[in-house]
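Order of the sequence lines sets the chain letters (A, B, ...), proteins ahead of strands, with each chain counted from 1.
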Amino acid sequence: QQPVQSPQAVILREGEDAVINCSSSKALYSVHWYRQKHGEAPVFLMILLKGGEQKGHDKISASFNEKKQQSSLYLTASQLSYSGTYFCGTPNNNAGNMLTFGGGTRLMVKP
Amino acid sequence: KAGVTQTPRYLIKTRGQQVTLSCSPISGHRSVSWYQQTPGQGLQFLFEYFSETQRNKGNFPGRFSGRQFSNSRSEMNVSTLELGDSALYLCASKQRERNTGELFFGEGSRLTVL
């Protein structure tokens, strides 16, 4: 089952913050976050493993609540370079590299 | 270190034809996954290979097939093309089999079916 991302799209001004949510109807082993800029390949941001550990990547951080089967991606003081589509991906099991991706959140940062 | 290379980058086919797409993973990576990306369905998993063995398969018809060679290069084939097969086909490689760590995506092969 595909994880559900919200919002579907968001427009920010440079310097503003945003939160992207990813929720699943099934138990999660981990949550993977990727960003894809227009016309480019998806690029890995981070993986959240069981344990609610919060990870960071520059001014982008994320949390994982395995009980609620949810993950949130936090973009702080957004930059123009943050524009793109953000995908969360969840594995079907703890083996192999198959990910089921959410529908994506389109983020546009304006000057 | 060279990234994931996919060929061809763009191709146009007509309904009923078949197509073969190629993916060269990052050197040393033994896992190769394929994804289909469309505006309507998003990123959907096709299949994954590790050491020439198919490990996982997504929910696609049998017209979609793939294989991996001993040098980890992979190909996917779509037979009897349909209009709905028009998509960006992305290949991703990874060093290990287990589901931790990042997938490295290629820039994709954009297939248009007329």
Side-chain angles (χ1 to χ4, degrees), chain A residues 1-9 20 22 24 26-51 53 55-57 60 62 64 66 71 84-106, chain B residues 2-6 9-10 23-26 29-51 53-60 66 68 72 74 87-110:
Chain A
Q1 189 121 12
Q2 185 181 41
V4 177
Q5 287 186 235
S6 63
Q8 287 187 315
I20 298 172
C22 173
S24 174
K26 60 182 180 73
L28 298 175
Y29 298 96
S30 58
V31 178
H32 305 225
W33 286 97
Y34 285 79
R35 176 173 64 204
Q36 184 178 29
K37 301 200 174 191
H38 184 68
E40 299 181 11
V43 172
F44 172 80
L45 290 175
M46 64 191 76
I47 283 180
L48 284 302
L49 303 175
K50 270 187 175 181
E53 182 185 355
K55 286 214 162 200
H57 174 82
I60 300 174
F64 176 28
E66 60 195 82
S71 176
T85 302
Y86 290 78
F87 294 96
C88 67
T90 58
N92 276 27
N93 51 52
N94 213 18
N97 291 309
M98 173 181 175
L99 291 178
T100 301
F101 284 98
T105 295
R106 198 171 296 178
Chain B
V4 177
T5 304
Q6 291 188 244
R9 292 290 315 281
Y10 302 91
C23 172
S24 293
I26 290 172
H29 286 196
R30 294 162 65 193
S31 167
V32 174
S33 304
W34 289 89
Y35 288 82
Q36 182 196 63
Q37 187 172 32
T38 59
Q41 301 296 322
L43 269 166
Q44 291 191 289
F45 174 81
L46 280 157
F47 23 66
E48 179 206 353
Y49 290 89
F50 184 85
S51 293
T53 303
Q54 188 178 85
R55 294 292 185 175
N56 286 294
K57 191 175 192 306
N59 191 23
F60 279 82
Q68 185 180 34
S72 293
S74 177
L88 180 67
Y89 291 88
L90 291 163
C91 166
S93 79
K94 194 168 166 187
Q95 190 172 21
R96 293 188 178 83
E97 183 182 9
R98 291 195 66 79
N99 211 342
T100 55
E102 69 180 284
L103 290 173
F104 292 84
F105 282 89
E107 293 188 309
S109 292
R110 186 167 294 280

- Task: For A:A41 and B:G106, work out which heavy atoms get closest and say how close.
- Result: CB-O, 3.0 Å
- Does B:Y35 use its side chain to pair, donor to acceptor, with the backbone of A:F101 at less than 3.5 Å? no
- Item | Residue B:Q41 versus chain A: region with a heavy atom under 4.5 Å | backbone
- Would you please test B:L43 and A:Y34 for side chain to side chain contact (heavy atoms under 4.5 Å, CB included) and show each step? CA-CA 11 Å; B:L43 269 166; A:Y34 285 79; over 6 Å; no
- Query: How far does CZ of A:F87 sit from CD of B:Q37, to the nearest 0.5 angstrom?
  - Reply: 5.0 Å
- Roughly how far apart are A:L99 CG and B:N56 CG, rounded to 0.5 Å? 10.0 Å
- Message: Could you measure the distance from the NE2 atom of A:H32 to the CD atom of B:E102? Nearest 0.5 Å is fine.
- Response: 11.5 Å
